[in-house]
Structure formats: C-alpha cells, structure tokens
Chemist: 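Shown below is the structure under consideration.
Just so it is clear: chains get the letters A, B, ... in the order the sequence lines come, proteins before strands, and each one is counted from 1. As a basis for the values below, the full set of heavy atoms in this structure was taken, side chains included, without hydrogen atoms, waters or symmetry mates.
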Amino acid sequence: MAKTLSLQGKIALVTGSTRGIGWASARALAEAGATVVLNGTHGADLLEQRVKTLEAEFGVECASFLGSVSEYATVKKCYAEIFSRFKRLDILVNNAGILADALLGMITVEMIDSVLKTNLAGSIYHLQEASRLMGRNKSGSIINISSIIGRVGNEGQAVYGAAKAGVIGLTLSAAKELAPKNIRVNAIAPGFIETDMVKALPKAKYNERLSSIKMGRVGQPEEIADAVLFFASDLSNYVTGQVLGVDGGMLI
Amino acid sequence: MNEPNKLSNAFMAALGVQDPTEIEKAEYGVTAGWDSLAHMQLISEIESAFDVMLDTDEVISMSSYQRAKEILKAHGKDA
C-alpha cells in the first residue's frame, strides 16, 4: 500500500497531552508507531506515567517535557531538548489550551492575558520553533486545535473565541508560508467534546449545547484524535491550510 | 570541508551569490537576494551545516556574514 496511517519513524510533539484531546491524540499517534513527546503542566510524575503507559501499550519510545506553552523561554527549551535527543520533528499537535468564560463586562485584564497567552501565543511559539526543525527535512505536519467557538462565537466566550479564531488565522498564514517547504499546517475545530473543560459546564449550559448538535450526542476526544491522525499521516499529503470541523453537525 | 567553507557555502546556497569574495561583505537587506525568505533559507542551511539550533534572537540579529560567524562562535563552532 503506497499510503497508510503508519507513523513509524516519525517524531511527534503534542502539547497539553496528559488528558482530554491531547492525551487521545498522543495515544493515536503512538498507536500508529510515532515516537511521541508528551507535554503538560500538571507535574513530572503524571507525564512520566503517561510516557510509560504509551510505551507499554504500543511498544514505541516516548519522552516528556514539563512546561507551559505560554512561556517562550520554556518552549525554546523544549525544542532544544527535542533537537538534542531526536534531531528532528515531523508532527506538532498544538493542543494546549485553557477555558475561561466571562460576559464582556466581566472580562479582566488577567483573563485576557492568560487566555491569549496560552491559547494563541503558545501556538505561535510552538509553530515558529517546530517549523524551523521541520524545515531541515523539508517535511512536516502541524495540526492546530482551534474550536467551533473560533468560527461562530458564543456569548461569554469573547476572549476564548478570539484566541481560537486567532489560531485559524495563524493556520492559514503559516500554511501559505510553509507550503514551499512541504510543511503542512491545518486546524481542527472541535465541537462539543467530552473533556474535563466541558464537564465543568453548568447542567443547563451543557444541555443547551447538546441540543444544538445534529448528531444528538457529545463527541469523544478519540474522535478528534482520528482527525489528528489523518492530518499527521501521508493520507493528507496534499492538504494544507484547512480547518476541519469535527462537531457532529453543529455547523450545518 | 573546513568550517569557513561550510559557512560560505551556506550563504551561497541561500542567497544565490556565486562569488565567494562577495559573501564576506554580505548584509541583510543590502546584498541583492538577501530578503526575509532568503534569510530563513540561510538559517536552515547554517543550522544543517553546523548541526546547531539557533535562537529566534540570533535568527533576527544575523544581519551579516561577520555576525553569523560571531553567533556560531557562541555555539562553539569556529566558522
């Protein structure tokens, strides 16, 4: 078979990968044979435990890097370690994000700084560093996790929506700039996915969102990971600058 | 290949300059062909040739052949 989902020999970095969509994506990539570098901020022990789980379950070598995507110096250190250990990077999943909701009149400066730094600036930092490592091999796939909120907005989520819309803008511009280097940049816009962030919603809000899904159910992190796997693999070799909604029909 | 030739070759490959004597006088934005696109290509050539990973600050400040030598020296590479 000329093209497969196999990622044998590939090095992948997934930010925010100890739980939710990031963890599901890391699992999918490892199952496809990739060496996965896990990243998170919830402690070295948890990261190490995740690394051991993937290595035991899928027989691949994995690694971890503790640190926030919102700190530029930390991101640079992450890539220095990847360069030092693997000399290359083939796949970046820009997933790390935080959710902070407030109506317009209640938005604080601290909230703006923190949401934009983690959800948007962090993606830019990683894309910038990753594209330089990928450029050496004239190939790579960068997958930015945006959100349906970045496409259609939502009351109480102006800052989150702005950050996620920014991720789409980042994707489109970077795709144009990096295509000549054979580096593909795509985004996924998940809908209502069963993660810790969503589970924390008030019941009424949860039910309201659920009622807007044409397929009548909440999505699973693994269903986003399937899309990540497609963009990471050779099956999407000629696809760049796209935003794929994985939302059970929320937008149709 | 000795180290100075590696640096010259990276410049020639990225900027399309044929004359090695022109390379030592090369300056960003002055030397024909050394625009932002060529600059990123130059960084890629240098990183590959010297097996280093440059900081963004170094990428931005690499505005001449001489400056490239200084930056590589800071990475322990005698160019």
Chemist: For A:Lys52, does the NZ atom sit with more than 12 other heavy atoms under 6.0 Å from it, leaving out its own atoms?
Modeler: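 At most 12 heavy atoms, drawn from other residues, nucleotides or ligands, come within 6.0 Å of this atom.
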Chemist: So for A:Tyr79, is it side chain, backbone, both, or neither that comes closer than 4.5 Å to the heavy atoms of chain B?
Modeler: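 Both parts, backbone and side chain.
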Chemist: Once you round to the nearest 0.5 Å, how far does CD of B:Gln41 lie from NZ of A:Lys181?
Modeler: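 It comes to 6.5 Å.
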Chemist: Could you tell me which non-hydrogen atom of B:Asp51 sits nearest to which non-hydrogen atom of A:Phe83, and how far apart they are?
Modeler: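 Looking at all heavy atoms of both residues, the shortest contact is OD1-CZ, 3.4 Å.
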Chemist: Just verifying a value: how many Å separate B:Ser44 OG and A:Asn137 CG, rounded to the nearest 0.5 Å?
Modeler: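 Going from the OG atom of B:Ser44 to the CG atom of A:Asn137 covers 9.0 Å.
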Chemist: Take a 6.0 Å sphere around CD of A:Glu177 and say whether it holds more than 12 heavy atoms from other residues, nucleotides or ligands.
Modeler: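 Counting other residues, nucleotides and ligands, CD of A:Glu177 stays at 12 neighbours or fewer.
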Chemist: If you count the non-hydrogen atoms of other residues, nucleotides and ligands that lie under 6.0 Å from CG in B:Asp19, is the total more than 12?
Modeler: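 Enclosed.
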Chemist: What are the residues of residues 112-133 of chain A, in order of number, with any heavy atom under 4.5 angstrom from a heavy atom of chain B?
Modeler: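 Within residues 112-133 of chain A, near chain B: A:Gln128, A:Glu129, A:Arg132, A:Leu133.
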Chemist: Pick whichever of B:Ile43, B:Val59, B:Thr56 has the most heavy-atom pairs under 4.5 Å with chain A.
Modeler: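 Greatest number of close heavy-atom pairs with chain A: B:Thr56.
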